[in-house]
Number of protein chains: 2
Amino acid sequence: MENKEVGQEQLTEKQQRIVDAAIEIFAAKGYSGASTSEIAKKAGVAEGTIFRRYKTKKELLMSIVGPMISKVIAPIIVKDFDKVITADYKDFESFLRAIFSNRLKLVEKNQILIKIAIQEIPFHPELKEKLFEVVGKEVFKSICQRIEDFQLKGEIVKIHPKLVVQLIFSSLFGYVASNFILFPERSVHQDNELEHTIQFILKGLRQY
Amino acid sequence: MENKEVGQEQLTEKQQRIVDAAIEIFAAKGYSGASTSEIAKKAGVAEGTIFRRYKTKKELLMSIVGPMISKVIAPIIVKDFDKVITADYKDFESFLRAIFSNRLKLVEKNQILIKIAIQEIPFHPELKEKLFEVVGKEVFKSICQRIEDFQLKGEIVKIHPKLVVQLIFSSLFGYVASNFILFPERSVHQDNELEHTIQFILKGLRQY
DNA sequence: ATAGTAAGTGAGTAATCACTCATTTTTAGC
DNA sequence: GCTAAAAATGAGTGATTACTCACTTACTAT
């Protein structure tokens with residue numbers, strides 16, 4: 001788990017170790033429970049080294065989580081949803097599979113960062129705003145429009161698109177939480193489980 | 001929002017104010033971010049008063065969240081699931097509605113406590129263990145058995161009962177998160193939303 | 001080799017923290 | 001009203017914290 005570049009500039013090896021250590025300790029103890037002393041020890045550097053690049057402890061956190069939201073989550077979602085939105089899917093199932101595919105690999109790849117973001121959002125309003133701004137503006141509207149297209153085609157039930165999104169992402173999050181956050185050591189049934197989750201959503205939303 | 005009794009004994013008015021203040025600040029800032037000084041100020045008492053009853057800050061948190069898990073969540077789940085399990089439901093839909101009913105009112109009533117529990121579980125392994133112990137031992141097995149019963153009757157798909165539970169609670173959690181945690185000020189579509197969520201689950205799990 | 005800059009160090013600082021405890025205040029029972 | 005116990009107080013304590021800054025080391029360009 002390495003972040004080669006957090007922020008705009010290339011990090012020195014020691015600064016990189018600071019970031020890696022911070023990620024680990026923020027994830028394990030939360031921002032408030034993490035001390036710069038402990039982060040420095042873990043990185044094998046002097047505590048003052050942290051403050052050569054980051055003015056405050058919070059700036060260190062933001063340098064990690066901010067890009068997580070704006071550069072990892074958003075591009076994952078936005079860029080690929082451009083494809084999803086513009087692509088021509090024969091049906092809702094293809095659309096749903098497009099949402100699921102890649103997402104899970106990237107979640108797995110960034111799970112610790114996502115864990116930190118989720119843990120910290122309740123305590124840092126600016127993170128919550130950023131997430132909702134990115135997701136709300138770019139993604140939510142686009143998804144809802146696409147949902148409405150499928151509804152017009154009569155493929156899925158005509159309920160409020162926002163609720164459709166909520167239902168889809170609840171199941172997705174349940175799958176992610178179960179496999180990557182709560183029980184990361186359990187990798188059994190993974191393929192079946194994903195397929196069953198997709199079928200559950202498809203059937204649950206199908207128009208009869 | 002008042003907790004008249006946390007732990008075994010009746011609290012003095014001041015101690016009660018401490019608990020109320022702690023709940024508020026733990027929810028807003030997390031355990032590590034909350035200081036006993038701030039809690040005391042908010043409660044309008046001297047800081048030492050906190051330590052008359054609670055040996056440590058952590059004991060204060062546990063006195064709040066521990067019973068939350070063992071006395072609120074578990075009884076909600078266990079006691080009522082005894083009824084659910086022993087009751088004779090004509091079909092899976094009745095069973096599902098029994099799960100949903102009452103749960104939501106009690107979630108609404110205890111939402112801030114649930115928020116604290118969710119926020120703190122990643123940082124306090126004993127809370128996670130307690131939750132899984134209670135839920136795992138008493139509830140999970142019982143629910144899975146009941147699920148299997150419905151599967152034998154051919155009412156729902158024959159997938160692993162654990163996955164069924166995951167799917168149900170993902171959707172339930174999505175509903176709860178949307179209405180009580182993320183957007184508590186938004187009470188629109190509430191009745192429809194719940195019904196659609198239930199229908200989504202029913203259809204998603206139905207055996208065809 | 002020299003000078004300037006960048007990176008790093010770690011002792012120290014002021015503030016904050018969880019908690020203690022001698023003292024004061026309040027309560028309850030007679 | 002008196003006494004003992006319970007509740008509360010708040011100054012103080014040692015530890016911890018985020019951060020500073022004078023100094024050292026390393027690197028780069030001339």
Side-chain angles (χ1 to χ4, degrees), chain A residues 3-66 116 119-120 123-124 126, chain B residues 3-66 116 120 123-124 126-127:
Chain A
N3 283 278
K4 296 287 183 188
E5 185 176 300
V6 176
Q8 301 291 347
E9 302 129 53
Q10 190 71 10
L11 299 176
T12 63
E13 190 218 325
K14 293 204 174 189
Q15 290 293 340
Q16 185 56 59
R17 295 214 306 267
I18 289 171
V19 170
D20 293 342
I23 287 173
E24 241 183 274
I25 297 179
F26 283 153
K29 302 200 172 182
Y31 170 77
S32 292
S35 68
T36 51
S37 168
E38 193 180 356
I39 290 167
K41 279 204 193 83
K42 189 160 195 72
V45 302
E47 195 172 347
T49 312
I50 297 175
F51 297 95
R52 282 204 28 84
R53 179 163 302 242
Y54 308 103
K55 194 167 175 56
T56 61
K57 178 183 166 191
K58 179 143 183 176
E59 192 176 306
L60 173 60
L61 175 73
M62 291 303 156
S63 79
I64 291 169
V65 181
I116 295 172
Q119 282 169 183
E120 295 306 323
F123 309 121
H124 303 276
E126 62 270 44
Chain B
N3 283 276
K4 296 287 183 187
E5 186 175 297
V6 175
Q8 301 291 348
E9 302 129 52
Q10 189 72 10
L11 299 175
T12 63
E13 191 218 325
K14 292 203 172 191
Q15 291 291 340
Q16 185 56 59
R17 295 214 306 268
I18 288 171
V19 169
D20 294 341
I23 289 173
E24 241 184 275
I25 298 179
F26 284 151
K29 303 202 172 178
Y31 170 77
S32 291
S35 68
T36 51
S37 169
E38 193 179 358
I39 291 167
K41 278 204 195 86
K42 188 159 195 68
V45 302
E47 196 172 343
T49 311
I50 297 176
F51 297 95
R52 280 200 30 81
R53 177 160 305 238
Y54 308 102
K55 193 164 175 58
T56 62
K57 178 184 166 190
K58 180 145 181 171
E59 193 176 306
L60 172 60
L61 175 73
M62 291 303 157
S63 79
I64 291 168
V65 181
I116 295 172
E120 295 307 324
F123 309 120
H124 304 277
E126 62 269 43
L127 288 181

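Not measured: the values here are computed from a predicted model.
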Any heavy-atom pair between the side chains of Ile18(B) and Gln15(B) that's under 4.5 Å?
yes

How about Phe123(B) and Gln119(A): do any of their side-chain heavy atoms sit closer than 4.5 Å?
yes

Side-chain (Glu24(A)) to main-chain (Ile39(A)) donor-acceptor, under 3.5 angstrom
no

Quick one: how far along DNA chain C does chain B reach, first to last nucleotide 5' to 3', anything under 4.0 Å to a heavy atom?
dC17(C) to dT20(C)

Please verify the inter-ring angle class for Phe26(A) with Tyr31(A); under 30° counts as parallel, over 60° as perpendicular, anything in between as tilted.
tilted

Provide, to the nearest angstrom, the distance between the [atom1] atom belonging to [X] and the [atom2] atom belonging to [N].
| X | N | atom1 | atom2 | answer |
| --- | --- | --- | --- | --- |
| Phe51(A) | dC21(D) | CZ | P | 13 Å |
| Lys58(A) | dC19(D) | NZ | P | 11 Å |
| Arg53(A) | dC19(D) | CZ | P | 17 Å |
| Ile18(A) | dA18(D) | CD1 | P | 14 Å |
| Ile39(A) | dT16(D) | CD1 | P | 17 Å |
| Leu60(A) | dT17(D) | CG | P | 16 Å |

If you look at every strand shown and take non-hydrogen atoms under 4.0 Å, does [X] touch a base, only sugar-phosphate, or nothing?
| X | value |
| --- | --- |
| Ala40(B) | nothing |
| Ala43(A) | nothing |
| Thr36(B) | base |

Say you draw a straight line from CD of Glu120(B) to OG of Ser32(B); how long is it, rounded to the nearest 0.5 Å?
7.0 Å

Output the distance between atom CZ (Arg52(B)) and atom NZ (Lys14(B)), rounded to the nearest 0.5 Å.
11.5 Å

For nucleotides 9-12 of chain D, which of its nitrogen or oxygen atoms have a protein nitrogen or oxygen under 3.5 Å away, and what is each distance?
from	atom 1	to	atom 2	distance (Å)
dT9(D)	OP1	Lys14(B)	NZ	2.8
dT9(D)	OP2	Ala46(B)	N	2.8
dT9(D)	OP2	Thr49(B)	OG1	2.6

Could you report the tightest heavy-atom contact between Thr36(B) and Phe51(B), atom names first, then the distance?
CG2-CZ, 3.7 Å

So with a 6.0 Å cut-off around NZ of Lys41(A), is the heavy-atom count from everything else above 12?
no

Determine, stepwise, if the pair Lys42(B) / Glu38(B) fulfils salt bridge (Lys or Arg N to Asp or Glu O under 4.0 Å).
CA-CA 6 Å; Lys42(B) 188 159 195 68; Glu38(B) 193 179 358; over 6 Å; no

